[in-house]
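To find a chain, count down the sequence lines: A is the first, B the second, and so on, and within it residues start at 1.
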Amino acid sequence: MKILVCISNVPDTTTKITFSDDLKSFNPAGVQFIINPYDEIALTRALELTESQAGTVTVINIGDASTEPTIRKALAIGATDAVRINATPRDAYFVAGQIAAYAKDKGFDLILTGRESIDYNGSQVASMLGEKLDLPAVCIVKSLMIEGSTATLEREIEGGKEVLTCPLPLVASATEGMAEPRIPNMRGIMSARTKPLTVVEPVDIPQLQQIIKFDKPQSRGQVKLVAADEVNKLVDLLHGEAKAI
Amino acid sequence: MSVLIYAENTGGKFKKSTFEVISYANVIAKEQKTNLVAISIGNVENAELEKLAKYGVDKVLSVTGEQLKLFVNQAYASIIAEGAKASSADTIVLSASFSGKGLAPRIAVKMDAGFVDGAIGLPSFNGSFTVRKGAFSGKAFADVSLTSTNKVISLVPNSYKVVEDTKPAAIETFAPVIKESDFRTMVKEIVRAADKVSLPEAEIVVSGGRGLKGPENWGMIEELAELLGAATACSKPVSDAHWRPHSEHVGQTGIAVSPNLYIAIGISGAIQHLAGVSASKTIVVINKDPEAPFFKAADYGIVGDAFEVIPRLIEAVKEFKSAHA
Ligand SMILES: Cc1cc2nc3c(=O)[nH]c(=O)nc-3n(C[C@H](O)[C@H](O)[C@H](O)COP(=O)(O)OP(=O)(O)OC[C@H]3O[C@@H](n4cnc5c(N)ncnc54)[C@H](O)[C@@H]3O)c2cc1C
């Protein structure tokens with residue numbers, strides 16, 4: 001089985017987010033970057049699947065050379081090889097376009113992404129890839145089993161789950177439950193240095209949108225404390241003042 | 001030109017998020033002096049379809065069929081894109097529900113449309129078409145300007161109020177031809193806890209953390225939630241330890257919620273947790289540690305032991321409910 005896992009290079013979850021002076025871009029200075037946590041789940045599941053039924057796992061990232069430590073980490077966790085599309089990811093449409101251009105004639109049986117990236121929170125790439133490659137895409141998947149050429153998936157829905165089947169090839173986006181992320185071991189880290197990482201130049205993709213400004217939520221001001229033995233006061237405040245109940 | 005919304009249903013009934021989407025799109029249609037069209041897919045009765053007219057829809061396209069009873073991402077996306085063509089719609093609005101999150105990007109690609117996923121406010125109409133969305137998992141907002149002719153917006157549940165605007169809407173049957181290869185996925189089973197409020201759509205969320213010590217102590221959380229008509233949620237370590245299902249995990253790497261009221265019990269308020277809940281309108285924190293970081297991100301707080309405070313709170317809510325019944 002040939003699997004492609006799309007990985008995004010995102011700020012560590014403890015990062016205090018700041019922006020450039022013109023508020024148009026994220027300020028990466030001093031920020032530690034990691035593999036997007038959902039992509040790590042997808043990668044782990046891909047490795048489990050190729051361990052139980054032979055195959056390869058290629059990871060792909062759209063980014064400039066600064067993302068290579070993140071790509072090497074994916075190789076250390078166990079990916080077979082890696083591809084970096086040498087471009088700054090402008091938006092999800094651009095990313096999906098680059099991945100589709102790369103993947104279209106490679107014969108992948110399965111393409112996995114994370115449910116969303118924790119920076120721009122798009123949850124777009126999986127479905128866009130499905131559309132561009134004319135493949136089914138199943139989003140926010142918490143269980144993925146493959147038997148022969150059929151996948152059985154569980155996707156999240158409001159208040160429950162939907163179980164569905166789909167013939168390969170397909171695209172799926174991973175969420176918690178699909179696998180427990182793995183930590184690279186020493187042997188993985190050593191072998192990652194020599195695994196193939198191919199750099200590919202990007203294709204042209206039209207620009208349909210642009211982020212014109214970032215800002216931060218306003219702080220809530222001082223918390224109002226209610227004594228632990230006067231909880232009915234809290235109920236009154238929630239009703240009268242906050243109009244929340 | 002027109003604005004098209006996708007009217008999502010669950011088991012033949014429209015969801016509240018559908019009415020939110022219509023109310024939101026109604027403002028856009030009025031601003032652009034154009035019609036508002038709704039498309040419904042699946043087997044929805046006429047009486048239910050008529051409900052859409054209460055919020056400003058001029059026309060309803062109803063698509064039915066045996067193959068469409070259950071959600072098929074690819075086929076539904078094709079139908080909505082066909083509906084857009086048939087009604088000359090250049091702006092498509094749908095809910096950022098679980099299914100909507102899978103549909104919207106496909107529709108955007110089909111229509112070469114710029115796409116705002118997870119909008120939390122109306123577009124600006126002063127020359128540019130700019131829509132606000134959350135970014136960095138609740139730690140920031142991004143204003144996204146769509147420069148394409150066609151535009152797709154998915155709206156976060158609970159972020160726009162339902163507004164009535166009754167119109168005499170025409171209901172039409174719509175039967176686009178969809179290619180067989182759009183039906184490769186096949187739903188086998190839907191598992192849903194019937195009596196539970198769904199977390200992403202809930203107006204009130206009662207959430208428990210590691211401070212609750214173990215899964216056996218969730219009875220009081222569920223009782224409080226039920227009294228308030230709330231959904232239950234939890235912090236990540238709680239679902240990692242399988243005290244609660246993953247689907248209840250909120251935060252940066254879980255579900256992002258934006259209810260009217262979020263009640264956090266025995267949760268410390270780590271940055272990753274706050275990221276997913278900070279869009280809540282009102283936040284109440286109950287924690288025995290006065291130094292817990294969550295108090296800095298809360299509107300109301302009680303410093304105290306959850307095992308004493310929650311039973312009292314349950315009584316107080318009961319009293320309040322009987323006084324306001
Ligand atoms: C990559 C990454 C992603 C993460 N994503 C998320 C995420 O999406 N969501 C998330 O929640 N976390 C996330 N975390 C974990 C996060 O950093 C915290 O560890 C977690 O939120 C802590 O959960 P907690 O508040 O329940 O537990 P703790 O931090 O252990 O806090 C328990 C709290 O309960 C209080 N308490 C104890 N006993 C009582 C009592 N009897 N009555 C009242 N209060 C009591 C304590 O004072 C304490 O404040 C992530 C971490 C990483 C590294």
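In this structure, A:Ile140 CD1 and B:Ile255 CD1 are separated by 8.5 Å, a value rounded to the nearest 0.5 Å. Here the straight-line distance linking atom CG of A:Asp91 with atom CZ of B:Phe115 works out to 11.5 Å at 0.5 Å rounding. The CD1 atom of A:Ile212 sits 5.0 Å away from the OG atom of B:Ser128 when rounded to the nearest 0.5 Å. Here B:His249 contributes atom NE2 and A:Thr175 contributes atom OG1; the two are 8.5 Å apart, rounded to the nearest 0.5 Å. Atoms CZ and OG1, on B:Arg184 and A:Thr165 in that order, are 13.0 Å from each other to the nearest 0.5 Å.
For residues 128-139 of chain B, every residue pair satisfying the salt bridge (Lys or Arg N to Asp or Glu O under 4.0 Å) rule, not counting sequence neighbours, is listed here: A:Asp215-B:Arg132, B:Asp117-B:Lys133, B:Arg132-B:Asp143.
Of all the listed residues (B:Ser145, B:Gly102, B:Pro157), the one sharing the greatest number of non-hydrogen pairs under 4.5 Å with chain A is B:Ser145. In terms of non-hydrogen atom pairs under 4.5 Å with chain B, the most contact-rich of A:Pro11, A:Pro167, A:Pro37, A:Gly221 is A:Pro167. Note on B:Lys110, B:Glu248, B:Lys101, B:Glu315: by heavy-atom pairs under 4.5 Å with chain A, the leading option is B:Lys110. Ranked by non-hydrogen atom pairs under 4.5 Å with chain A, the options B:Asp182, B:Val284, B:Thr10 are led by B:Val284. By number of non-hydrogen pairs under 4.5 angstrom with chain A, the leading residue of B:Ser198, B:Gly114, B:Gly301, B:Ala279 is B:Gly301. With respect to chain B, the highest number of heavy-atom pairs below 4.5 Å among A:Lys243, A:Lys216, A:Lys213, A:Lys142 belongs to A:Lys213. Between chain A and the options B:Gly118, B:Pro200, B:Ala297, B:Ser181, heavy-atom pairs under 4.5 Å are most frequent for B:Ala297. Highest contact tally toward chain A, considering only B:Ile204, B:Ile283, B:Thr130, is held by B:Ile283 [criterion: heavy-atom pairs under 4.5 Å].
In the displayed structure, A:Glu180 atom CD is contacted under 6.0 Å by at most 12 heavy atoms of other residues, nucleotides or ligands. The neighbour count for A:Asp21 CG, taken as heavy atoms of other residues, nucleotides or ligands under 6.0 Å away, does not exceed 12. Few gaps surround CG on B:Asn126; more than 12 heavy atoms of other groups in view lie less than 6.0 Å from it.
In this structure, the portion of B:Ala113 lying under 4.5 Å from any heavy atom of chain A is its backbone and not its side chain. In this structure, chain B has no heavy atom under 4.5 Å from any part of A:Pro206. Only the side chain of B:Gln74 has a heavy atom closer than 4.5 Å to any heavy atom of chain A. With a 4.5 angstrom heavy-atom cutoff, A:Val10 does not touch chain B via any of its atoms.
Side chain to side chain, A:Arg155 and B:Ser99 meet the donor-acceptor criterion of an N or O pair below 3.5 Å.
Two residues are said to be in side-chain contact when any heavy atoms from C-beta on lie closer than 4.5 Å; B:Ile271 and A:Thr13 fail this criterion. Side chains of B:Met186 and A:Leu164 form no contact here, defined as non-hydrogen atoms less than 4.5 Å apart. For the pair B:Ser247/A:Glu156, a side-chain contact is recorded, criterion being any heavy-atom separation below 4.5 Å from C-beta on. Residues A:Ile245 and B:Leu228 have side chains in contact (heavy-atom distance under 4.5 Å, counting atoms from C-beta outward). In this structure the side chain of A:Glu158 reaches within 4.5 angstrom of the side chain of B:Ser97, judged on heavy atoms. Looking only at side-chain heavy atoms (C-beta outward), A:Ser127 and B:Leu103 stay at 4.5 Å or farther from each other. With contacts defined as side-chain heavy-atom distances shorter than 4.5 Å, the pair A:Leu225/B:Phe295 qualifies. Side-chain contact between B:Phe98 and A:Cys139 is absent, with no heavy atoms from C-beta onward closer than 4.5 Å.
Taking all atoms of both residues into account, the shortest heavy-atom contact from A:Phe214 to B:Ala135 is CE2-CB, 4.3 Å. Looking at every heavy atom in both residues, B:Ile302 comes nearest to A:Ala228 through CG2-CA, 3.7 Å. Across every non-hydrogen atom of B:Lys281 and A:Arg220, the tightest pair is O-NH1, 3.0 Å. For the residue pair A:Pro217 and B:Phe141, the shortest heavy atom distance occurs at CA-CE1, 3.5 Å. When all heavy atoms of B:Lys179 and A:Asp134 are compared, the closest pair comes out as NZ-OD1, 3.9 Å. Closest approach of B:Leu261 to A:Ala244, counting heavy atoms only: CB-CB, 4.0 Å.
A salt bridge does not link A:Glu162 to B:Lys188: none of the charged side-chain nitrogens sits closer than 4.0 Å to a carboxylate oxygen. Ion pair B:Lys236/A:Glu176 flagged as a salt bridge, since at least one NZ, NE, NH1 or NH2 atom sits closer than 4.0 Å to an Asp/Glu carboxylate oxygen.
Proximity to chain B among residues 113-124 of chain A is limited to A:Arg115, A:Glu116, A:Ile118, A:Asp119, A:Tyr120, A:Asn121, A:Gly122, A:Ser123, A:Gln124, judged by heavy-atom separations below 4.5 angstrom. For residues 229-239 of chain A, the interface with chain B (any heavy-atom pair closer than 4.5 Å) comprises A:Asp229, A:Val231, A:Asn232, A:Leu234, A:Val235, A:Leu237, A:Leu238, A:His239, sorted by residue number.
No donor-acceptor distance shorter than 3.5 angstrom exists from the side chain of B:Asp299 to the backbone of A:Val223, with no hydrogens or angles considered. A donor-acceptor pair under 3.5 Å is absent between the side-chain atoms of A:Tyr93 and the main chain of B:Val109, judged by distance alone.
Applying the ring pair (Phe, Tyr, Trp, His ring centres under 6.0 Å) criterion to B:Phe294, with sequence neighbours excluded, gives B:His273.
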